[in-house]
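One structure is given below, encoded as structure tokens.
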2 protein chains.
Amino acid sequence: MAERTTTGHRAAPEHTHPDDVPVLAALAALADPVRIALVRELAGSPVWTRSCGSFDVPVGKAALSHHFSVLRGAGLVEQRDEGPRRVNRLRREEFDARFPGLLALVLREE
Amino acid sequence: MAERTTTGHRAAPEHTHPDDVPVLAALAALADPVRIALVRELAGSPVWTRSCGSFDVPVGKAALSHHFSVLRGAGLVEQRDEGPRRVNRLRREEFDARFPGLLALVLREE
DNA sequence: CCGAGTGTTCGATGAAAACCATACACTCCG
DNA sequence: CGGAGTGTATGGTTTTCATCGAACACTCGG
């Protein structure tokens with residue numbers, strides 16, 4: 001209702017630090033095939049090079065956007081606006097410090 | 001249908017070895033508050049001492065039975081029939097060998 | 001052999017989550 | 001400034017999953 005001042009995608013994405021993420025949330029975030037694919041593909045690319053739309057997953061834009069939102073909320077991904085596109089970074093060190101070995105586990109079997 | 005020869009709970013529970021468990025399944029199994037509680041409580045008890053009904057979780061028997069089924073399928077729990085009750089064992093070594101650190105992650109914060 | 005205790009199965013219900021199509025916001029380039 | 005490219009928000013559908021109640025199977029102790 002109302003409050004439609006500026007609802008674009010330029011609101012500076014909300015990030016959650018891995019330290020503030022419960023284990024359950026981390027596991028839930030990774031317990032999805034699409035999100036696992038995103039994380040793996042992201043891990044195989046240089047930092048800040050992959051825009052959201054550049055991933056090879058079988059879902060539409062809306063669902064994709066939602067998945068990235070979940071990954072952000074789990075402290076797995078950091079996003080930055082670069083021109084018209086939103087580029088991503090896997091929070092390797094930070095996430096691994098909070099959940100040692102978890103990321104390695106997911107990446108170990110691509 | 002039919003096939004109702006022996007549907008009790010004495011059919012020797014089907015077990016899945018951790019080695020045969022996909023990462024996704026392991027994560028999905030642990031991405032549930034009740035199952036996490038079961039695993040933690042089980043980890044804090046001597047082996048083969050806890051029957052299914054002896055856990056302090058806020059769900060009925062049916063749901064509980066289902067949760068144990070999931071844990072078995074993820075290679076997390078082994079069950080054995082002991083008289084009228086079914087006792088449990090956490091597959092620490094085996095599961096940790098397959099998914100190093102994952103169990104520790106869940107147990108680290110009780 | 002019956003009854004209490006234990007756990008599984010079935011069917012149904014409700015809530016959560018994934019998904020899509022559409023509409024919109026923002027950036028850039030021509 | 002207008003259009004193409006990119007991502008988000010919303011609303012509604014579908015699927016998935018946790019849960020319950022009830023019926024059943026099994027074991028053991030009177």
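Reminder, nothing fancy here: chain letters follow the sequence lines and each chain counts from 1.
- Looking only at side-chain heavy atoms (C-beta outward), A:Leu102 and B:Leu27 come within less than 4.5 Å of each other.
- Sorted by first and then second residue, the salt bridge (charged side-chain N to carboxylate O under 4.0 Å, His left out) pairs involving residues 48-72 of chain A (not counting sequence neighbours) are A:Glu41-A:Arg50.
- Sorted by first and then second residue, the ring-ring contact (aromatic ring centres under 6.0 Å, His included) pairs involving residues 85-110 of chain B (not counting sequence neighbours) are B:Phe95-B:Phe99.
- Every residue two or more places apart in sequence or in another chain that forms a side-chain contact (heavy atoms from CB on, under 4.5 Å) with B:Ala29 is listed here: B:Val70, B:Ala74, B:Leu76.
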Table of protein N/O atoms under 3.5 Å from nucleotides 12-14 of chain D N/O atoms:
none

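- Two residues are said to be in side-chain contact when any heavy atoms from C-beta on lie closer than 4.5 Å; B:Ser51 and B:Glu82 fail this criterion.
- Proximity of residues 23-57 of chain B to DNA chain C (heavy atom under 4.0 angstrom from any strand atom) is restricted to B:Ser51, B:Cys52, B:Gly53.
- A:His66 meets the side chain to side chain donor-acceptor pair (under 3.5 Å) test with no other residue; sequence neighbours excluded.
- Within the structure, salt bridge (charged side-chain N to carboxylate O under 4.0 Å, His left out) pairs that include any residue of residues 13-22 of chain A do not occur (at least two apart or interchain).
- Taken residue by residue, residues 64-71 of chain A places heavy atoms nearer than 4.0 Å to DNA chain C at A:His66, A:His67.
- Residues passing the side-chain contact (heavy atoms from CB on, under 4.5 Å) test with B:Arg89, sequence neighbours excluded: B:Val47, B:Trp48, B:Glu78, B:Arg91, B:Glu94.
- Between A:Arg86 and D:dT8 there is a side-chain polar atom (N or O) within less than 4.0 angstrom of OP1 or OP2.
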Close N or O pairs between protein and nucleotides 20-22 of chain C (under 3.5 Å):
from, atom 1, to, atom 2, distance (Å)
C:dC20, OP2, A:Gly60, N, 2.6

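- In terms of the side-chain contact (heavy atoms from CB on, under 4.5 Å) criterion, residue partners of B:Glu109 (sequence neighbours excluded) are, by chain and number, A:Val23, A:Arg98, B:Arg40.
- In terms of the side-chain contact (heavy atoms from CB on, under 4.5 Å) criterion, residue partners of A:Ala43 (sequence neighbours excluded) are, by chain and number, A:Leu90, A:Arg92, A:Leu107.
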